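Data block below; observations after.
These numbers come from a predicted model, not from an experiment.
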Amino acid sequence: MTDTAIIIVAAGRGTRAGGEPKQWRMLGGQSVLARTVAAFRGAGRIIVVLHPDDMTRGIAELAGQVTLVAGGDTRSESVRNALEIIDPNEYSFVLIHDGARPLVSPTVIGRIRDALESSPAAAPALAVTDALWTGAEAKVSGLQPRDGLFRAQTPQGFHFPAILDAHRAHPGGAADDVEVALAAGLDVAIVEGEEENIKLTWPGDFARAERILGTDMDIRTGNGYDVHAFTEGDHVMLCGVRVPHTKALLGHSDADVGMHALTDAIYGALAEGDIGRHFPPSDPQWKGAASHIFLSHATELARKKGYGISNADITLVCECPKIGPHAVEMASEIARITGVRPDRISVKATTSERLGFTGREEGIAAIATVTLVKP
Ligand code: CTP
Ligand code: MG
């Protein structure tokens, strides 16, 4: 919608929420503001209003995606600063949204935009359903009929430049832009808002937002690949199982190629590099280390980030030793280390038809795929 400008106000300090200004706090792996901006992608030209102190950070996180404008001391001043830079020849409509409402849905945005085809202004709201009282000194002092009462949300949409004129004429201090529009005599249509479209205001609102987001499960897939060369010896360690063989695998640790591939797959799914990053081969303390240390570390890192292993599939590539007789034991060993049910772990093998280094029995290769789920 190239005729629509979107103003996201995020110049407040979030004093009620406390701590770091709320628009920069992380929510489900993304800053609140990045999430809000992403919700409007494709809906028009986005202008983000930031506190002057936050400009450097805004440029780092959002440059190229949005136009940045410095905000004022009040929300309405911040809105006005953005309205003033919009070219009336280019944009017919403007949607004004709180940066602190990252859970706004495309449905609500679409409803507002549609309503502007037939109304000079439109805003999402929810009818009040709870009984309302007045109160004083922790006692109910009276009843307040709830008929015709609504809880206002954003984005609030307006014809441009009517809302610019309304802001220029307003004395300031409005709670939202509907208040400014009403003062200028504009009709404001009420469209259905959404319960999930909360404004992060108090400390507890972040946990609530995380819970709402939790319904969108986060699923990640990672792959890992590893190779170890044969050397002299009488056994190999594969997926935690000691398999007798006429050779051994050469490596800094116990050279468990299958477990290394799986560990790298987990790090990969987390975008956390690989084993070498967490356990540098240059560090002598990992010499001869049992590979379950690496796998446990990766599993624990996933857990700390809120992910569980949904399933893993490991393929060992070798002519010898034969894997089939040990595959069930290998899967149960991986299951034990990761704490995943054995029927979610697969260990299988293939030869490479005597082709290449594995075919010439110079070493063993392994590939692994893992799926991590954050419920
Ligand atoms: N806002 C703004 N400029 C201001 C004040 C507020 O752009 N001078 C923005 C906030 O960043 C927020 C939205 O307006 O996205 C709604 O305001 P509110 O929830 O009150 O946020 P804060 O003012 O940051 O929070 P608090 O009032 O608790 O300090
Ligand atoms: Mg405020």
Practice prompt. Start with the C-alpha distance between Glu77 and Arg80, add both sets of side-chain angles, then the distance that settles salt bridge (Lys or Arg N to Asp or Glu O under 4.0 Å), and finish with yes or no.
Written response: CA-CA 5 Å; Glu77 264 183 63; Arg80 182 160 166 197; over 6 Å; no
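- Thr231 contributes no side-chain N or O that, together with a main-chain N or O of Ala248, makes up a donor-acceptor pair within less than 3.5 Å.
- Remark: the backbone N or O of Gly19 is not paired with any side-chain donor or acceptor of Lys22 at under 3.5 angstrom.
- With hydrogens and angles left out, the side-chain atoms of Arg242 and His235 include a donor and acceptor closer than 3.5 Å.
- With a 4.5 Å cut-off on side-chain heavy atoms, Val317 and Thr351 do not count as touching.
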Worksheet entry | Evaluation steps, side-chain contact (heavy atoms from CB on, under 4.5 Å), between Leu372 and Leu270 | CA-CA 8 Å; Leu372 304 184; Leu270 297 171; 3.6 Å; yes
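- Counting heavy atoms from C-beta outward, Glu319 and Ser352 have side chains that approach closer than 4.5 Å.
- Put simply, Leu116 and Ile190 are part of two different groups of oily side chains (I, L, V, M, F, W, Y) that touch within less than 4.5 Å, one to the next.
- One finds the CD1 atom of Ile47 at 11.5 Å from the CD atom of Glu84 (value rounded to the nearest 0.5 Å).
- Residues Asn197 and Arg101 approach most closely at O-NH1, 2.9 Å, considering heavy atoms.
- The distance between the ring centers of Phe230 and His245 falls below 6.0 angstrom.
- Using a 4.5 Å heavy-atom threshold, the side chains of Ile314 and Cys239 count as touching.
- Of the candidates Leu33, Thr67, Val9, Thr36, Leu33 is the only one forming a side-chain contact (heavy atoms from CB on, under 4.5 Å) with Val48.
- The pair Arg360-Glu362 meets the salt-bridge criterion, with a side-chain N (NZ, NE, NH1 or NH2) lying under 4.0 Å from an Asp/Glu carboxylate O.
- The distance from the CG atom of Asp54 to the CG atom of Leu68 is 10.5 Å, given to the nearest 0.5 Å.
- Atom CG of Asp274 sits about 10.5 Å away from atom OG1 of Thr263, to the nearest 0.5 Å.
- The pair Arg13-Asp73 does not meet the salt-bridge criterion, since no charged nitrogen lies less than 4.0 angstrom from a carboxylate oxygen.
- For Arg35 (side chain) and Pro102 (main-chain N/O), no donor-acceptor pair under 3.5 Å exists by modelled atom type.
- Following chains of ILVMFWY side-chain contacts shorter than 4.5 Å, one can reach Ile198 starting from Phe206, so the two form part of one hydrophobic cluster.
- Across every non-hydrogen atom of Gly240 and Asp256, the tightest pair is N-OD2, 2.7 Å.
- Comment: Arg303 engages Glu300 in a salt bridge, judged by a side-chain N to carboxylate O separation of less than 4.0 angstrom.
- More than 12 heavy atoms of other residues, nucleotides or ligands sit less than 6.0 Å from atom CG of Asp87.
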Practice prompt. Report the C-alpha distance between Val257 and Met237 in whole Å, list the side-chain angles of each, state the deciding distance to 0.1 Å, and finish with yes or no for side-chain contact (heavy atoms from CB on, under 4.5 Å).
Written response: CA-CA 8 Å; Val257 66; Met237 285 305 289; over 6 Å; no
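- Taking the side chain as every heavy atom from C-beta outward, Leu95 and Ile109 approach each other to under 4.5 Å.
- Without hydrogens or angle criteria, Lys374 side chain to Ile219 main chain gives no donor-acceptor distance under 3.5 Å.
- Of all non-hydrogen atoms in Val178 and Val188, the two that sit nearest each other are CG2-CG1, 4.0 Å.
- Classification of Asp313 and Lys348 as a salt-bridged pair holds, one side-chain N sitting under 4.0 Å from a carboxylate O.
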Fill in: Lys287 and Asp254: CA distance, side-chain angles, deciding distance, salt bridge (Lys or Arg N to Asp or Glu O under 4.0 Å) verdict
CA-CA 8 Å; Lys287 189 164 171 54; Asp254 64 9; over 6 Å; no
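- The CD atom of Glu196 sits 8.0 Å away from the CG atom of Leu103 when rounded to the nearest 0.5 Å.
- A salt bridge links Arg354 with Glu361: the closest approach of a Lys/Arg side-chain nitrogen to an acidic carboxylate oxygen falls below 4.0 angstrom.
- Within 6.0 Å of CG on Asn223 lie no more than 12 heavy atoms contributed by other residues, nucleotides or ligands.
- Results of the side chain to side chain donor-acceptor pair (under 3.5 Å) test with Asp98 over Gln156, Gln23, Arg75, Gln153 single out Arg75 as the only residue that passes.
- No side-chain donor from either of Ser31 and Arg25 sits under 3.5 Å from a side-chain acceptor of the other.
- The shortest distance between side-chain heavy atoms of Val66 and Val37 falls below 4.5 Å.
- Closest approach of Ala368 to Ala265, counting heavy atoms only: O-CB, 3.8 Å.
- Between His252 and Asp283, the closest heavy-atom pair is NE2-O, 3.7 Å.
- Side-chain heavy atoms closer than 4.5 Å link hydrophobic residues (I, L, V, M, F, W, Y) into clusters, and following such links, even through other members, never connects Val328 to Leu262.
- Ring planes of His159 and Phe93: perpendicular class, angle over 60° (limits at 30 and 60°).
- Rounded to the nearest 0.5 angstrom, Met259 CE and Leu295 CG are separated by 6.0 Å.
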Worksheet item: How far apart are the C-alpha atoms of Leu164 and Phe158, what are their side-chain angles, what is the distance that settles it, and do they pass the side-chain contact (heavy atoms from CB on, under 4.5 Å) test?
Response: CA-CA 9 Å; Leu164 172 61; Phe158 306 91; over 6 Å; no
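- Using a 4.0 Å cut-off between charged side-chain N and carboxylate O, Glu195 and Arg151 make a salt bridge.
- Taking the six-membered ring wherever Trp is involved, the centroid distance between the rings of Phe294 and His278 does not fall below 6.0 Å.
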Item to complete: Please step through salt bridge (Lys or Arg N to Asp or Glu O under 4.0 Å) for the pair Arg45 and Glu90, ending with a clear verdict.
Response: CA-CA 10 Å; Arg45 175 192 169 191; Glu90 245 185 292; 5.2 Å; no
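- A distance of 9.0 Å separates CG in Leu83 from CG in Asn81, rounded to the nearest 0.5 Å.
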Item to complete: Check step by step if side-chain contact (heavy atoms from CB on, under 4.5 Å) holds for Asp3 and Arg113.
Response: CA-CA 11 Å; Asp3 55 358; Arg113 182 58 188 77; 3.1 Å; yes
Worksheet item: Going through the checks in order, is the side chain to side chain donor-acceptor pair (under 3.5 Å) test met by Glu194 and Ser105?
Response: CA-CA 8 Å; Glu194 280 180 346; Ser105 74; 2.8 Å; yes
Practice prompt. Walk me through it: do Thr338 and Thr299 pass the test side chain to side chain donor-acceptor pair (under 3.5 Å)?
Written response: CA-CA 6 Å; Thr338 54; Thr299 306; 5.6 Å; no
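- The shortest non-hydrogen separation linking Val79 to Ile7 is O-CD1, 4.2 Å.
- When hydrophobic clusters are built by joining Ile, Leu, Val, Met, Phe, Trp and Tyr residues whose side-chain heavy atoms come closer than 4.5 Å, directly or via intermediates, Ile266 is grouped together with Trp286.
- The neighbour count for Glu117 CD, taken as heavy atoms of other residues, nucleotides or ligands under 6.0 Å away, is above 12.
- Figure legend: Arg277 and Tyr267 shown without cation-pi pairing, the cationic atom not lying both under 6.0 angstrom from the six-membered ring centre and within 45 degrees of its axis.
- His260 pairs by the side chain to side chain donor-acceptor pair (under 3.5 Å) definition with Asp226, His228, Ser253, Ser291, not counting sequence neighbours.
- One hydrophobic cluster, built from ILVMFWY side chains closer than 4.5 Å, cannot hold both Ile345 and Ile367; they sit in different ones.
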